[in-house]
Structures are given as structure tokens and as C-alpha cells.
Participant: 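Right, I'll just put the structure down here and ask away after.
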Amino acid sequence: MSGILSTYSPEPGRVRLEMYFEDVDMGLDLAVPFGMILSELLSNSFRHAFTEDQDGRIRAVFMDKGDHYMLEVRDNGRGFPEGVDFEGADSLGLQLVKNLINQIEAKVDYTLSPGTCFKVRVLKP
């Protein structure tokens with residue numbers, strides 16, 4: 001994830017990335033889509049959540065919740081523009097996220113303003 005941080009946050013300290021990932025044994029059929037979802041949501045937050053002069057915080061959490069896994073990515077940025085929603089978004093990145101969520105048969109909850117928060121949950125195989 002340091003690659004994403006250095007790519008999208010060239011000014012050290014402007015956007016703080018906090019990550020907490022529990023160590024789990026997971027098959028590649030879930031690990032790869034989860035990794036791609038995480039990467040896309042993080043890069044969206046870095047690219048769109050904050051103005052040039054705004055400090056921000058992005059937090060990513062992955063947890064084993066017993067019967068399911070949960071990934072949460074949240075930022076304290078400006079949120080989605082008015083009139084844009086996750087379900088109807090036509091950006092390639094959000095379409096990828098939606099397709100990956102469908103591929104692993106996950107459930108997603110989201111808050112688009114203020115800030116943005118995505119919670120992706122998938123039952124364990």
C-alpha cells in the first residue's frame with residue numbers, strides 16, 4: 001500500500017493512511033478480488049476525496065468476523081458529488097468494484113457524504 005500512498009499523496013503528511021488488517025487464511029478466489037476492491041477504493045479516496053489544500057484521513061480495515069470477512073474503507077473527505085451514487089456510477093473503477101463484489105457474492109453498505117465509507121462483507125466459504 002505504500003505504493004498507493006506515494007503515488008497519490010506526494011506531499012508527506014497531507015493525507016494520513018491508517019490500515020488494520022487481521023491475518024487470515026483465505027483462498028485466492030477471495031483474496032484477489034478483495035485486494036482489487038481495496039486498491040480501487042483507496043485510490044478513489046486519494047484521487048477524489050480531498051481538495052489540494054485539505055488534510056485528510058483514509059482508514060482501511062479488514063477483519064475476520066467469524067462467519068464472514070469484512071473490509072471497510074472510509075475517508076473524511078468531501079464525499080461523492082451531488083447526484084452521483086455508487087449503484088449508478090459509470091466510472092470504470094466503480095464498475096470494477098461492483099463487478100468484483102458481485103463475483104464474490106458480497107454485500108456492500110456505503111455512505112457517500114459527508115466523507116465516504118464502503119463496507120464489504122462476504123460469507124466465508
Side-chain angles (χ1 to χ4, degrees):
M1 290 302 138
S2 64
I4 290 176
L5 186 59
S6 64
T7 299
Y8 291 112
S9 187
E11 294 180 40
R14 188 179 78 77
V15 176
R16 187 173 70 231
L17 177 60
E18 301 170 356
M19 295 190 296
Y20 173 77
F21 298 106
E22 289 186 356
D23 191 18
V24 300
D25 287 325
M26 177 187 290
L28 288 176
D29 56 330
L30 282 180
V32 171
F34 261 122
M36 293 174 70
I37 292 167
L38 173 64
S39 179
E40 186 58 37
L41 293 176
L42 286 176
S43 62
N44 279 348
S45 286
F46 275 109
R47 284 191 315 241
H48 303 295
F50 310 104
T51 61
E52 282 187 28
D53 59 343
Q54 180 182 10
D55 292 340
R57 185 183 77 147
I58 301 170
R59 184 166 197 252
V61 176
F62 179 82
M63 298 172 61
D64 182 336
K65 301 295 249 176
D67 65 337
H68 68 280
Y69 298 113
M70 191 271 302
L71 171 68
E72 178 179 304
V73 178
R74 92 173 35 238
D75 66 58
N76 65 343
R78 56 187 161 190
F80 272 41
E82 191 171 320
V84 175
D85 68 4
F86 174 65
E87 298 301 328
D90 58 0
S91 76
L92 184 59
L94 290 179
Q95 286 180 5
L96 175 63
V97 169
K98 289 188 290 188
N99 288 338
L100 290 166
I101 287 169
N102 288 336
Q103 175 185 324
I104 61 175
E105 298 178 351
K107 302 292 183 208
V108 63
D109 294 314
Y110 52 87
T111 304
L112 302 178
S113 187
T116 304
C117 177
F118 284 89
K119 291 182 183 178
V120 180
R121 294 179 316 280
V122 66
L123 291 174
K124 290 182 179 178

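Predicted, not measured: the structure shown is a model, and the values here were computed from it. For reference, positions follow the sequence shown, starting with 1. In what follows, every heavy atom counts, from backbone to side chain, and hydrogens, waters and symmetry copies are set aside.
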Participant: Answer yes or no: are there more than 12 heavy-atom neighbours, outside Arg59 itself, under 6.0 Å from its atom CZ?
Facilitator: no

Participant: Just to verify, what does Lys107 make a side chain to side chain donor-acceptor pair (under 3.5 Å) with, not counting sequence neighbours?
Facilitator: none

Participant: Of all heavy-atom pairs between Asp55 and Phe50, which one has the smallest distance, and what is that distance?
Facilitator: O-CD2, 4.2 Å

Participant: Using the salt bridge (charged side-chain N to carboxylate O under 4.0 Å, His left out) rule, take Asp64 and Lys124 through it: C-alpha gap first, then chi angles, then the decisive distance, then the call.
Facilitator: CA-CA 9 Å; Asp64 182 336; Lys124 290 182 179 178; 2.7 Å; yes

Participant: Show your working on side chain to side chain contact (heavy atoms under 4.5 Å, CB included) between Arg121 and Asp109 and close with a plain yes or no.
Facilitator: CA-CA 9 Å; Arg121 294 179 316 280; Asp109 294 314; 2.6 Å; yes

Participant: Please name all residues satisfying side chain to side chain donor-acceptor pair (under 3.5 Å) with Thr116, sequence neighbours left out, ordered by chain then number.
Facilitator: none

Participant: Does the side chain of Leu112 reach to within under 4.5 Å of the side chain of Phe118, using non-hydrogen atoms?
Facilitator: yes

Participant: If you count the non-hydrogen atoms of other residues, nucleotides and ligands that lie under 6.0 Å from CG in Asp29, is the total more than 12?
Facilitator: yes

Participant: Residues two or more places apart in sequence or in another chain: which of them pass ring-ring contact (aromatic ring centres under 6.0 Å, His included) with Phe34?
Facilitator: Phe62

Participant: Kindly list each side-chain donor-acceptor pair under 3.5 angstrom involving residues 65-72, sequence neighbours excluded, with atom names and distances?
Facilitator:
unit_1, atom_1, unit_2, atom_2, d
Tyr69, OH, Asp25, O, 3.3
Glu72, OE2, Arg74, NE, 2.9
Glu72, OE2, Arg74, NH2, 3.4

Participant: Could you give the distance from CG (Asn44) to OG (Ser91), rounded to the nearest 0.5 Å?
Facilitator: 6.0 Å

Participant: Ignoring hydrogens and geometry, is there a side-chain-to-backbone donor-acceptor pair from Ser43 to Ser39 under 3.5 Å?
Facilitator: yes

Participant: With side chain to side chain contact (heavy atoms under 4.5 Å, CB included) as the test, would you mind laying out the steps for Leu100 and Val32 before giving the verdict?
Facilitator: CA-CA 10 Å; Leu100 290 166; Val32 171; over 6 Å; no

Participant: In this structure, would Leu28 and Ile37 fall into the same cluster of hydrophobic residues linked by side-chain contacts under 4.5 Å?
Facilitator: yes

Participant: What residue pairs, at least two apart or across chains, pass side-chain hydrogen bond (donor to acceptor under 3.5 Å, both in side chains) with a residue in residues 94-106?
Facilitator: none

Participant: May I ask you to list the residues sharing a hydrophobic cluster with Leu123, side-chain cutoff 4.5 Å, ordered by chain and number?
Facilitator: none

Participant: What distance separates Leu41 CG from Phe46 CZ, expressed to the nearest 0.5 Å?
Facilitator: 12.5 Å

Participant: Does Phe21 belong to the same Ile/Leu/Val/Met/Phe/Trp/Tyr cluster as Met63, with side-chain heavy atoms less than 4.5 Å apart forming each link?
Facilitator: no

Participant: Look at the side chain of Arg78 and the backbone N and O of His48, then say whether any donor-acceptor pair between them is shorter than 3.5 Å.
Facilitator: yes

Participant: Spell out, yes or no, whether Ile101 and Val73 are grouped together once hydrophobic residues are joined by side-chain heavy atoms under 4.5 Å, including indirect joins.
Facilitator: yes

Participant: Under a 4.5 Å side-chain heavy-atom rule over Ile, Leu, Val, Met, Phe, Trp and Tyr, are Leu92 and Val97 clustered together?
Facilitator: no

Participant: Under a 4.5 Å cut-off applied to non-hydrogen side-chain atoms, are Ile58 and Met19 in contact?
Facilitator: no

Participant: Which atoms form the tightest heavy-atom contact between Ala106 and Val120, and what is the distance?
Facilitator: CB-CG1, 3.8 Å

Participant: How many angstroms lie between CG in Asn76 and SG in Cys117, if you round to the nearest 0.5 Å?
Facilitator: 12.0 Å

Participant: Can you give me the closest heavy-atom contact between Met36 and Leu96, atom names plus distance?
Facilitator: CE-CD1, 4.3 Å

Participant: State, to 0.1 Å, how close Glu52 and Arg14 come at their nearest heavy-atom pair, and which atoms those are.
Facilitator: O-CD, 3.6 Å

Participant: Less than 4.5 Å apart, any side-chain heavy atom of Phe80 and any of Leu94?
Facilitator: yes

